[in-house]
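As C-alpha cells, the structure follows; a few thoughts come after it.
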Amino acid sequence: MTETAKFGPRAVDRRSVVLAAAGGLAMVAAPRIARGARPRVVVVGGGWGGLGALRALARSGSAELTLVEPHPAFVSCPLSIHYIVGERPFAEFEHGYAAIDRLGVRRVPEPAVAIDRDRREVVTASGRIGYDFLVLAPGVEYAEEAIAGYAEARTALPVGFRPFEQHGVKALVDRFLAEGGTFLITVPKPPYRCPPAPYERACLIAEQIARRGTKGKVVIADANPKPMPPPIAEPILAAMRSAHGQRIEYLPDHEAKAVDPGKGALDCGIADVPFTHANLVLPMRAPKLLREAGLAERWAAVRLPDFRSRDDDRIWIIGDSAGTPLPKSGHVAFNAGVSVAEAIERRIAGAPEPVPPPTGLPAGICFAAVTHDRAIMINVAAHLVPGEGPKLRFEVDPEPTRESSEAAFVWGRSMWQNMLG
Ligand SMILES: Cc1cc2nc3c(=O)[nH]c(=O)nc-3n(C[C@H](O)[C@H](O)[C@H](O)COP(=O)(O)OP(=O)(O)OC[C@H]3O[C@@H](n4cnc5c(N)ncnc54)[C@H](O)[C@@H]3O)c2cc1C
C-alpha cells in the first residue's frame, strides 16, 4: 500500500535534504577486507546503478573489478530536459569514466551479449569475462511492439528515456519549435522509468512555445487516468494549468495502440490523436540480456532488501531492470548499488547474512521541472514490513518552487560527483 504525505515549501530545507541524501551515500563505507586472492566482480552497465556498486566496491579493494559498458562516457537522463529545450549545454550531463579507470577498474567498452550462468561468464563480441559475483544494471529496453507501426518509424520517433538518446529528441523539439504544430507526448502505463518525466517534458516544451512565439501546443496522450505516480497528479495538473494554460492539452485514458507518422495520427483505441511531431514514450521492460539469461520475464526477479536474483545466488540486479515496487529512479538505483556492494563484501568475507534481515530500502528523490526555474520535488521513503512487503511513503511539494528547482541541480551535481568525481 502507498501512503502519501505532502509538505509545504517551508517545511523542508531542500538543499539540506538533497545534500544529506546524495552526500550521505558517499559516506557509506563497505567493511575493509584484507587483500588475498581477490574474487572477480563484474558489473554490467555503467549508469546510476552500476556506478553505485562499483564506487562502493572499489573503496575496500576486496575484489578485482570489471565494468562492461559500451559507451565512452556516462550521460544523465535526470535534468537532461534542460539540454533538450536549449537551456543548458549537453556537457553538463555527460561525464567521462576517468575516475573509474583511476580506481583500477578494468573497463570493457563493449555491450554484454549474453550471460553464461553455468560457466559464470559474461559474453561480449570479443570474448568472455569470468566472474565470481555479477552485478547487472543495464537499464531498460523499449517494448516497441506495443505500438503498431512504431518499429518501422523508429528513427523518426526518438524516445529519449535512455541515456545517449537526448540529441535525437532535442532535434525533434527544435524542429517543432521552429515549424509549429502539435507536439504529441505519450505516457505508458507504469512501471516505466521516471514516471513524472513525460509531464516535465511537456511543461518545458510548452514554456519554449511561449518564449519563442511558436504557433502550436503540446498534447499529452496518457494511458493512465491521471499523471503518474498518483501522489503527483494534482500538483502536476494544477501546475500545467497555471503555468502553461492552453499550451498543454491533457488527454487521460488515451493508451497508444498504433502510430501512422505519414498521416500524423496516433490510434488510441477510443480516438485518433493528430500530431505534427511526436515523442512516444514506449512501455518498458528489462533488456533482453536478462530475459535470455533466464533472470527476468518483463522485469528481473529479485529478493528485497538485497536485490539478489531469485534465480541465481551469485547475481544481483539493480536499477530500472529490477522488478520491485520501488520507483525506477537514478537515486534508488545508485543506493541499491551501494547496498549490493555491502552484500557482496559480506559474501567475500564469509560473513553470515544479518538476522533478522534489514528492513531498509533505498530512498528516492525525483524532480519534475515545470518551468526552467521551478520544480516539484518528490521524495520517496521505503521500507520492508516483514510478511507484507515494501511500503512506500511519498512527500510531494504541493506546488512548484524555485527552491526545488535549485535543489534539483544541487542533487544532480552531488550524485554525478559521487559516481564519477
Ligand atoms: C527524462 C528523465 C528524467 C529523470 N529524472 C530523474 C530524477 O529526477 N531523479 C531520479 O532519481 N531519476 C530520474 N530518472 C530516472 C533515471 O535516469 C533512471 O532511473 C536511472 O538511469 C536508472 O539507472 P540504471 O543504472 O538502471 O540504468 P542507466 O542509468 O540507464 O544505465 C544503464 C547502463 O547500462 C548500459 N548497458 C545497457 N545494455 C548493456 C549491455 N548489454 N552491456 C553493457 N552495458 C549495457 C547502458 O549503456 C547504460 O550506461 C529520470 C529519467 C528520465 C528518462
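As the structure lists them, so they are numbered: ligands from 1, and atoms in each ligand from 1. Keep in mind that this is a model prediction, so the values were computed, not measured.
For atom 39 (C) of ligand 1, the nearest protein heavy atom (residue, atom name, distance) is P138 CB, 4.0 Å. Scanning all protein heavy atoms for the shortest distance to atom 21 (O) of ligand 1 gives W48 CD1, 3.2 Å. In terms of protein heavy-atom proximity, atom 43 (C) of ligand 1 is nearest to V68 O, 3.3 Å. Ranking the protein heavy atoms by distance from atom 35 (C) of ligand 1 puts E69 OE1, 3.1 Å first. Ranking the protein heavy atoms by distance from atom 45 (C) of ligand 1 puts P70 CD, 3.9 Å first. If you check which protein heavy atom lies closest to atom 10 (C) of ligand 1, you get G330 N, 3.3 Å. Counting only heavy atoms of the protein, atom 34 (O) of ligand 1 lies nearest to G45 CA, 3.3 Å. Scanning all protein heavy atoms for the shortest distance to atom 25 (O) of ligand 1 gives G49 N, 2.9 Å.
Proximity of A197 to ligand 1, defined as any heavy-atom pair under 4.0 Å, is confined to the side chain (atoms from C-beta onward). Counting heavy atoms under 4.0 Å from ligand 1, residue S76 does not touch it at all. Proximity of S329 to ligand 1, defined as any heavy-atom pair under 4.0 Å, is shared by backbone and side chain alike. Contacts of Y192 with ligand 1, taken as heavy-atom pairs under 4.0 Å, are absent altogether. Proximity of R162 to ligand 1, defined as any heavy-atom pair under 4.0 Å, is not found for any part of the residue. If you look at H331 next to ligand 1, the close heavy atoms, those under 4.0 Å, come from the backbone and the side chain alike. Residue-level proximity to ligand 1 for V140 is absent, since no heavy atom of it falls below 4.0 angstrom.
Of all atoms in ligand 1, listed by their number and element, those nearer than 4.0 Å to a heavy atom of G319 are 26 (O). Close approach of ligand 1 to H71 (heavy-atom distance below 4.0 Å) involves ligand atoms 47 (O). Heavy-atom contacts of I365 reach the following atoms of ligand 1: 9 (N), 10 (C), 11 (O) (cutoff under 4.0 Å). Set against the non-hydrogen atoms of V44, the atoms of ligand 1 under 4.0 Å away are 42 (N), 43 (C). Taking a cut-off of under 4.0 Å to the non-hydrogen atoms of A333, the atoms of ligand 1 that pass are 23 (O). Proximity to P163 (heavy-atom distance under 4.0 Å) selects the following atoms of ligand 1: 30 (O).
Under the salt bridge (charged side-chain N to carboxylate O under 4.0 Å, His left out) criterion, D373 pairs with R402, sequence neighbours left out. The salt bridge (charged side-chain N to carboxylate O under 4.0 Å, His left out) check on E406 picks up nothing, with sequence neighbours excluded.
By the neighbour-count criterion of 12 heavy atoms within 6.0 Å, atom CD of E87 is densely surrounded, having more than that number from other residues, nucleotides or ligands. Applying the 6.0 Å contact sphere to CD of E353 captures no more than 12 heavy atoms from other residues, nucleotides or ligands. In this structure, E145 places its CD atom where more than 12 heavy-atom neighbours from other residues, nucleotides or ligands lie under 6.0 Å away.
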What do the steps show when you test I185 against R201 for side-chain contact (heavy atoms from CB on, under 4.5 Å), and what is the final call?
CA-CA 8 Å; I185 298 181; R201 194 171 280 179; 4.2 Å; yes
Evaluation steps, salt bridge (charged side-chain N to carboxylate O under 4.0 Å, His left out), between E141 and R285:
CA-CA 5 Å; E141 167 183 294; R285 62 186 167 218; 2.7 Å; yes
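Which of K288, K328, R193, M284 comes nearest to atom 24 (P) of ligand 1 through a heavy atom is settled by distance: it is R193.
In this structure, R88 satisfies the cation-pi test against F409, with its NZ or CZ atom closer than 6.0 Å to the six-membered ring centre and inside 45 degrees of the ring normal. Within the cation-pi definition used here (under 6.0 Å to the ring centroid, within 45° of the axis), R162 qualifies as a partner of Y142.
Between C77 and ligand 1, no pair of N/O atoms sits closer than 3.5 Å. Taking only nitrogen or oxygen atoms, main chain and side chain alike, R201 does not reach within less than 3.5 Å of ligand 1. Considering backbone and side-chain atoms together, F367 places an N or O closer than 3.5 Å to an N or O of ligand 1. In terms of N/O distances under 3.5 Å, ligand 1 is not approached by S80.
Ligand 1 lies nowhere less than 4.0 angstrom from a heavy atom belonging to F74. A heavy-atom separation below 4.0 Å is not found between I81 and ligand 1. Note on ligand 1: C366 sits in its first shell, one or more heavy atoms being nearer than 4.0 Å. Ligand 1 does not have G364 within reach: every non-hydrogen atom of the residue lies 4.0 Å or more from it. The shell of residues lying under 4.0 angstrom from ligand 1, judged by heavy atoms, includes W411.
Comment: R347 does not engage E345 in a salt bridge, judged by the lack of any side-chain N to carboxylate O separation of less than 4.0 angstrom.
Aromatic rings of F90 and Y83 (six-membered ring for Trp) have centroids within the 6.0 Å cut-off, being under it.
The closest side-chain donor-acceptor pair between Y192 and D320, if any, does not fall under 3.5 angstrom. A donor-acceptor contact closer than 3.5 angstrom is absent between the side chains of H167 and E165.
By the 30° and 60° cut-offs, the orientation of the rings of F93 relative to W416 is perpendicular. Ring planes of F74 and H95: tilted class, angle from 30 to 60°.
For T186 (side chain) and V281 (main-chain N/O), a donor-acceptor pair under 3.5 Å exists by modelled atom type. Judged by distance alone, with hydrogens and angles left aside, the side-chain atoms of T66 form no donor-acceptor pair with the main-chain N or O of V42 at under 3.5 Å.
With rounding to the nearest 0.5 Å, the separation of CD1 in I318 from CH2 in W48 is 13.0 Å.
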